Amino acid sequence: MPEITYAEAIRSAMSEEMRRDERVFLFGEDIGRYGGAFGVSFGMLDEFGPERIKETPLSEAAIVGAAAGAAMVGMRPIAEIMFMDFILLAMEQLVNQAAKVRFMFGGKASVPMVIRMPAGSGTGAAAQHSQSLESLLIHIPGIKVVNPSTPYDAKGLLLSSIRDPNPVCFIEHKLLYKTKGEVPDEEYIIPLGVADVKREGGDITVVANNIMVSRTLKVAEKLGVEGIEVEVIDPRTLLPLDVDTIVKSVRKTGRLLVIHEACKTGGWAGEVIASIASSPAFDYLDAPMRRLAGKDIPIPYNRNLEWAAIPQEDDIEAEIRAIISTKY
Amino acid sequence: MPEITYAEAIRSAMSEEMRRDERVFLFGEDIGRYGGAFGVSFGMLDEFGPERIKETPLSEAAIVGAAAGAAMVGMRPIAEIMFMDFILLAMEQLVNQAAKVRFMFGGKASVPMVIRMPAGSGTGAAAQHSQSLESLLIHIPGIKVVNPSTPYDAKGLLLSSIRDPNPVCFIEHKLLYKTKGEVPDEEYIIPLGVADVKREGGDITVVANNIMVSRTLKVAEKLGVEGIEVEVIDPRTLLPLDVDTIVKSVRKTGRLLVIHEACKTGGWAGEVIASIASSPAFDYLDAPMRRLAGKDIPIPYNRNLEWAAIPQEDDIEAEIRAIISTKY
Amino acid sequence: MKTVEKLQKTSNEDFKSRMEELDLVDEQLVEMFATMSKIRHFERMADRLYAAGKVHGTMHLSAGQEAVAVGLGATLKSDDYFLNHHRGHGHFIAKNADINRMMAEFMGKDTGYCRGRGGSMHIADIEANNLGANGIVGGGLSLAVGVGLALQMQRMKQIVVVVFGDGAVNEGIFHESMNMAALWNLPILFVCENNQYSMSMHVERATAKLPIAQRAEGYGMKWHYIDGNDLLLVYETMRQAVNDVRSGNGPVFVETETYRYFGHSKSDRNLYRTKEEIDNWRRLDPITRVRKAIVDAGIITEERAEEIDQEALIAIEAAVEFAENSPEPDVNTVEEFVYA
Amino acid sequence: MKTVEKLQKTSNEDFKSRMEELDLVDEQLVEMFATMSKIRHFERMADRLYAAGKVHGTMHLSAGQEAVAVGLGATLKSDDYFLNHHRGHGHFIAKNADINRMMAEFMGKDTGYCRGRGGSMHIADIEANNLGANGIVGGGLSLAVGVGLALQMQRMKQIVVVVFGDGAVNEGIFHESMNMAALWNLPILFVCENNQYSMSMHVERATAKLPIAQRAEGYGMKWHYIDGNDLLLVYETMRQAVNDVRSGNGPVFVETETYRYFGHSKSDRNLYRTKEEIDNWRRLDPITRVRKAIVDAGIITEERAEEIDQEALIAIEAAVEFAENSPEPDVNTVEEFVYA
Ligand SMILES: Cc1ncc(C[n+]2csc(CCOP(=O)(O)OP(=O)(O)O)c2C)c(N)n1
Ligand SMILES: Cc1ncc(C[n+]2csc(CCOP(=O)(O)OP(=O)(O)O)c2C)c(N)n1
Ligand SMILES: [Mg+2]
Ligand SMILES: [Mg+2]
């Protein structure tokens with residue numbers, strides 16, 4: 001299978017879908033000649049022209065609102081929000097409008113749209129350009145929240161997201177754009193709402209998203225050498241969350257650690273832990289369930305501080321070891 | 001002690017503080033002659049005049065942004081957002097600006113402001129005027145989130161909130177405005193970050209906020225007759241959360257139920273459960289920790305559907321009984 | 001600093017000749033009068049039902065603003081797209097919505113347009129391209145931009161109309177939407193119903209410069225500023241605006257001066273305006289005015305006018321009966337319709 | 001549809017007499033030229049440091065726009081409040097910020113204005129009433145409204161200035177802020193640096209009608225639209241605007257036409273503009289222009305001009321040295337400064 005980057009995987013999903021379905025168009029800031037702040041749509045303007053690679057003024061609220069409006073009347077917009085932090089300018093349109101239209105109107109409308117947005121720190125972009133806000137989105141009924149960690153997942157999940165009849169928030173990670181992975185040439189889709197066991201293991205279940213998946217896998221490799229077998233689950237879709245896969249795993253391992261870059265307090269790890277706490281897996285727990293997450297601070301600019309703000313491999317390793325050594 | 005309503009308690013906290021501190025002013029839509037959509041500031045215009053009861057155009061984003069700007073240069077604004085649903089229009093100003101200014105600028109600025117906002121369903125106001133969005137706010141470092149359930153708490157917490165040097169989201173509940181309770185004439189404050197044990201009991205800990213507190217207390221009375229002793233904890237401040245009080249209680253009761261009106265998925269109950277899961281109280285649990293929360297749907301208009309969307313006394317009672325009867 | 005641009009007004013003199021200029025025949029005027037009466041009765045009935053405890057929630061009644069709804073509605077094609085906000089009953093009636101299903105929605109019944117999920121603030125008839133009322137002031141504006149964009153991309157002939165109040169124009173989304181619409185020449189008609197107040201806030205206390213419509217200038221958008229209680233003038237202006245929009249010349253903005261009689265919503269104590277002010281506006285009542293005009297012009301008799309008004313009331317009463325006899329939504333379906 | 005209102009421009013003819021009209025003495029012009037040179041060198045150095053891997057993150061350089069920063073800075077009092085956005089280095093230098101602490105912040109050091117937490121996009125000097133640069137386009141606008149309101153409530157004599165780009169004017173918050181500022185007559189100077197692009201988006205592709213400044217009209221706000229590469233004209237206009245604002249007549253809006261030489265930020269491949277366009281603008285370079293004018297006018301010699309430029313570079317190099325020798329923030333303090 002050819003190796004392509006995460007950014008290329010996203011671009012190829014968009015391009016293929018735009019070739020297949022003329023209702024699909026890309027909508028956002030600097031997505032044309034510039035190719036988007038991270039070059040994800042680079043080159044698409046040449047193929048699809050300015051009407052389908054529709055560049056907008058700086059108006060995030062109207063971008064999301066207009067995407068919803070277009071979706072209500074038969075289009076399938078892919079809106080790009082340049083940094084996830086800016087979805088905060090469009091929360092009204094996302095939460096009060098896109099997410100609720102169908103329900104408020106008694107099931108008669110639908111809003112098939114995707115909002116792509118890069119999250120995460122690690123690029124020195126400081127407090128207003130580095131947030132991981134997926135935990136806000138999972139609290140909103142009516143939308144789906146997707147969050148791929150590999151090129152393969154990115155492509156398959158984006159195809160599903162574009163074809164989904166609901167508003168889908170598709171969260172990318174800046175540090176992943178240049179990472180490579182195998183992606184088949186043939187079309188494939190990954191259904192939304194299905195977690196992926198990225199590594200099997202019997203000693204502890206780690207649920208992680210985004211950039212934390214590969215970090216955890218590295219640590220898992222290392223610990224594997226010592227005979228500590230870490231099962232790594234990437235939920236891929238955070239809403240709806242595939243609780244069953246996690247339950248199954250925890251029943252096997254008896255231990256759960258949830259890792260995310262997003263701030264700890266109020267983060268989605270709480271959702272996972274609460275789901276397990278009231279699930280049949282609870283009885284199988286051999287240790288307290290724990291969270292390892294971003295500190296409860298805005299992301300600092302300085303490189304060392306930025307590094308310290310979110311879980312790194314060392315932190316992950318230490319946390320896993322601590323849990324493994326607990327017995328209760 | 002005199003009995004006053006929750007709305008009156010809020011009004012009296014604002015008025016007293018405005019008399020005491022000329023930097024304090026009220027800022028928002030229809031807060032003057034109209035007295036706000038729920039009459040909370042009714043009459044204040046006569047005492048304080050239009051400069052300190054500053055009515056704004058419909059511009060929620062600028063309301064929050066301007067409050068933050070005024071706070072940065074020495075004022076102490078109390079912004080009123082007419083319905084909590086509309087804070088979604090001002091998330092940028094709240095999250096990217098007010099919450100982060102201090103940190104981004106290396107601790108040199110501070111933003112002493114309060115944003116008051118009524119949450120909750122039960123008034124037939126449908127999907128866009130009935131949300132309980134506190135769970136979004138607790139994920140934002142740099143702000144505090146306060147959520148009183150009685151007139152007494154409302155007054156004491158609002159005084160603390162106004163005097164706090166940080167941005168405080170002060171969440172009120174529409175159905176509570178007319179409820180009465182004892183409030184002393186003398187000044188008192190309730191520190192932020194301290195939970196209140198509203199009822200003691202040894203069989204189960206219930207953590208609930210807002211309108212769910214009184215509902216739980218009613219159920220607790222009823223079960224008390226049967227000898228089931230429910231301990232009811234109102235966190236009062238959701239961020240920072242007083243985990244210690246909950247830990248202490250769960251160590252005693254061995255059972256935990258968290259109740260909120262907000263949608264279940266991604267709701268703050270997850271935070272409580274995750275905090276307990278990794279606390280020393282975990283070892284004392286005699287039953288799985290559970291959540292009882294609003295359904296994962298927008299709030300419907302029809303009265304029966306609206307009723308069914310969020311936990312009612314029957315649901316609370318059934319849930320407590322179920323947990324009490326579990327042994328594991 | 002405030003410059004009030006000239007408000008367009010007309011008088012009832014020469015009503016017949018104005019009708020002719022506008023190619024309006026008698027039946028059309030009678031029909032419009034009937035629709036205005038229906039709206040008025042719908043709103044009065046809504047108020048009464050609320051007082052009688054038959055509905056909960058809140059509602060925003062448009063009595064006094066009927067000429068805008070009807071003058072606009074009469075110029076639209078049935079498949080034109082439509083979006084409005086909380087004070088939306090009138091527009092839907094004028095766009096030929098089924099008052100039974102509207103009333104059923106208002107009363108939260110399963111036969112309502114939104115199966116009781118939406119209520120007064122969220123009536124929609126998606127199949128008829130009525131994309132719904134919005135409870136968020138300004139919430140429909142960017143949706144309209146999206147609809148306009150879709151129509152343009154799909155090379156469709158329809159237009160989209162979005163109606164909003166004088167309060168909505170101070171929301172940021174108004175600005176973003178106006179800019180996008182003008183920039184891209186979208187087929188959107190922006191209709192601002194300036195009823196003088198946003199809740200208790202008089203438009204002069206909220207808006208840096210009046211009339212509101214002159215803001216369209218800043219986007220290079222065509223605009224009109226008219227007396228919204230003058231049915232023929234509303235019709236004339238909207239017809240021209242609709243034609244302009246439909247011919248692909250980009251969006252048009254129309255501001256209509258009008259007034260609401262009822263309080264803003266049920267929580268209104270009406271302390272911010274005087275009885276005198278309300279009475280003054282009542283003297284400019286759009287229904288009385290058109291009724292007098294068509295009677296004076298000999299189009300119908302006073303008796304027939306009274307009959308039409310009574311028929312309107314009867315239709316509304318029938319709608320209430322329909323709604324009252326309709327089932328409540330099944331509580332077991334409460335979790336439906338969240339996802340497609 | 002687009003009407004371009006007349007752009008105000010001047011020529012270098014009669015430079016001396018224009019200076020006199022403006023009560024500017026030679027030393028002031030020399031000072032301004034020196035400050036402009038310092039900004040240019042700061043930006044070039046920033047670019048070099050980035051290329052050398054000494055800073056991470058992104059940055060937005062203002063080379064080419066120095067006349068706006070300096071013409072504005074020279075008209076402000078030191079205790080006037082100031083807010084700007086991502087492309088903010090120049091304004092701070094022109095407002096007499098300490099370049100050592102700026103450079104230290106840029107390099108993420110503990111001696112930086114924000115103790116390394118903010119970086120290029122969030123430099124602030126709260127004590128000096130420089131309330132900070134904003135990474136959210138338009139984010140400073142409503143903050144400025146709040147500052148203006150506070151100044152008005154506290155009966156203070158200062159004004160607040162907020163600088164933003166041509167992209168910011170399409171954000172909703174621009175509209176809300178303009179309306180509030182005008183409605184309440186707040187002491188705010190709005191300065192729009194129109195450098196032709198918002199990232200890769202040319203202002204004509206983003207803005208329904210130009211010039212941007214005419215939008216102020218819709219709020220009844222005074223406005224100016226000027227050549228932003230003409231130092232004396234910027235100074236003159238800003239001085240008048242500042243006086244107007246300070247005298248309590250409400251906000252003023254100034255749009256300055258200018259150009260940035262560097263790419264938008266580090267991710268820029270510069271595909272959206274031609275070398276020719278850049279070269280054309282370079283011919284209008286604000287520093288070259290003022291340097292030539294003061295040399296031609298005999299205020300300083302060409303040699304002295306060169307010296308001043310070199311002194312500016314040396315000052316910047318010293319700032320780099322200061323920054324490089326400064327300590328990193330202590331990682332153990334990472335959780336500080338979240339709450340007061
Ligand atoms: C964003 C938002 N802010 C505030 C409200 C509360 N609210 C509902 S209607 C209304 C007044 C709107 O005034 P206007 O736009 O003039 O419409 P009118 O009610 O006069 O028809 C207000 C403040 C809301 N629903 N949405
Ligand atoms: C709300 C928001 N949208 C998008 C961005 C990404 N972004 C940063 S600067 C910029 C261009 C801004 O253009 P302009 O306002 O003209 O300022 P300039 O960069 O030209 O100085 C963009 C799109 C942002 N930071 N904030
Ligand atoms: Mg109004
Ligand atoms: Mg620009």
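Everything numeric here is computed off the predicted structure, so don't read it as measured data.
- Here the side chain of Glu255(C) pairs no donor or acceptor atom with the backbone of Tyr225(C) at under 3.5 angstrom.
- For Gln196(C) and Glu257(C), the side-chain atoms include at least one donor-acceptor pair closer than 3.5 Å.
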Self-check item: Phe86(B) vs His129(B), ring-ring contact (aromatic ring centres under 6.0 Å, His included): CA-CA, chis, key distance, verdict
Solution: CA-CA 8 Å; Phe86(B) 312 155; His129(B) 286 72; 5.3 Å; yes

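- Counting only distance, with no hydrogens or angles, the side chain of Asn84(C) and the backbone of Val163(C) share no donor-acceptor pair below 3.5 Å.
- Listed for the Gln93(B) side chain is no donor-acceptor partner under 3.5 Å among the backbone atoms of Val64(B).
- For residues 263-270 of chain C, a heavy-atom distance under 4.5 Å to chain B picks out His264(C), Ser265(C), Ser267(C), Asp268(C), Arg269(C), given by residue number.
- Ranked by heavy-atom pairs under 4.5 Å with chain B, the first of Glu171(C), Met121(C), Arg115(C) is Glu171(C).
- A distance-only check finds a donor-acceptor pair linking the side chain of Glu261(B) to the backbone of Ser121(B) [under 3.5 Å].
- Chain B forms the most heavy-atom pairs under 4.5 Å with one residue out of Gly139(C), Gly116(C), Ala168(C), and that residue is Gly116(C).
- Using cut-offs of 30° and 60° on the angle between ring planes, the pair Phe42(C) and His89(C) is perpendicular.
- Heavy atoms of Val169(C) lying under 4.5 Å from chain B are absent altogether.
- Between chain B and the residues Gly119(C), Gly172(C), Ser200(C), Ser120(C), the most heavy-atom pairs under 4.5 angstrom are made by Ser200(C).
- No part of Asp110(C) comes within reach of chain B, as not one of its non-hydrogen atoms sits under 4.5 angstrom from that chain.
- Of the listed residues (Ile136(C), Thr58(C), Leu271(C)), the one with the most heavy-atom contacts under 4.5 Å to chain B is Ile136(C).
- Defined by atom type and a distance below 3.5 Å, a donor-acceptor pair is present between the side-chain atoms of Asn195(C) and Gln65(C).
- For Thr56(B), the part sitting under 4.5 Å from any heavy atom of chain C is the backbone (N, CA, C, O) and nothing else.
- Side-chain N/O atoms of Gln131(B) and Asp85(B) include a donor and acceptor closer than 3.5 Å.
- Options Glu55(B), Glu29(B), Arg303(B) differ in how many heavy-atom pairs under 4.5 Å they form with chain C, and the most are formed by Arg303(B).
- The choice from Arg117(C), Met107(C), Glu105(C) that makes the most heavy-atom pairs within less than 4.5 Å of chain B is Arg117(C).
- Of the atoms belonging to Glu60(B), heavy atoms from both backbone and side chain fall under 4.5 Å from chain C.
- Under the 30°/60° scheme for interplanar angles, the aromatic rings of Phe164(C) and His85(C) are found to stand perpendicular.
- If you measure heavy-atom distances from Ala61(B) to chain C, you find no contacts under 4.5 Å at all.
- Glu217(C) and Trp223(C) share a side-chain donor-acceptor pair at under 3.5 Å.
- For the residue pair Glu134(B) and Ser132(B), the shortest heavy atom distance occurs at OE1-C, 3.2 Å.
- Proximity to chain C (any heavy atom under 4.5 Å) is shown, for Phe83(B), by neither the backbone nor the side chain.
- Of the atoms belonging to Ser59(B), heavy atoms from both backbone and side chain fall under 4.5 Å from chain C.
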Practice problem: I would like to know whether Glu193(C) and Arg87(C) meet salt bridge (charged side-chain N to carboxylate O under 4.0 Å, His left out); could you show each step before the answer? | Solution: CA-CA 10 Å; Glu193(C) 282 187 296; Arg87(C) 202 173 302 285; over 6 Å; no

Exercise. Go through Tyr113(C) and His122(C) one step at a time and tell me if the ring-ring contact (aromatic ring centres under 6.0 Å, His included) criterion holds.
Key: CA-CA 9 Å; Tyr113(C) 270 117; His122(C) 307 295; over 10 Å; no

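- Residues of residues 330-340 of chain C having a heavy atom under 4.5 Å from any heavy atom of chain B, listed by number: Asp330(C), Val331(C), Val334(C), Glu335(C), Val338(C).
- Between the side chains of Tyr177(B) and Glu172(B), at least one donor-acceptor pair of N or O atoms lies under 3.5 Å.
- For Leu89(B), the part lying under 4.5 angstrom from a heavy atom of chain C is the side chain only.
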Exercise. Apply the test salt bridge (charged side-chain N to carboxylate O under 4.0 Å, His left out) to residues Arg116(B) and Glu80(B): give CA-CA distance (whole Å), side-chain angles for both, the deciding distance (0.1 Å), then the verdict.
Key: CA-CA 5 Å; Arg116(B) 293 180 36 240; Glu80(B) 177 174 303; 2.9 Å; yes

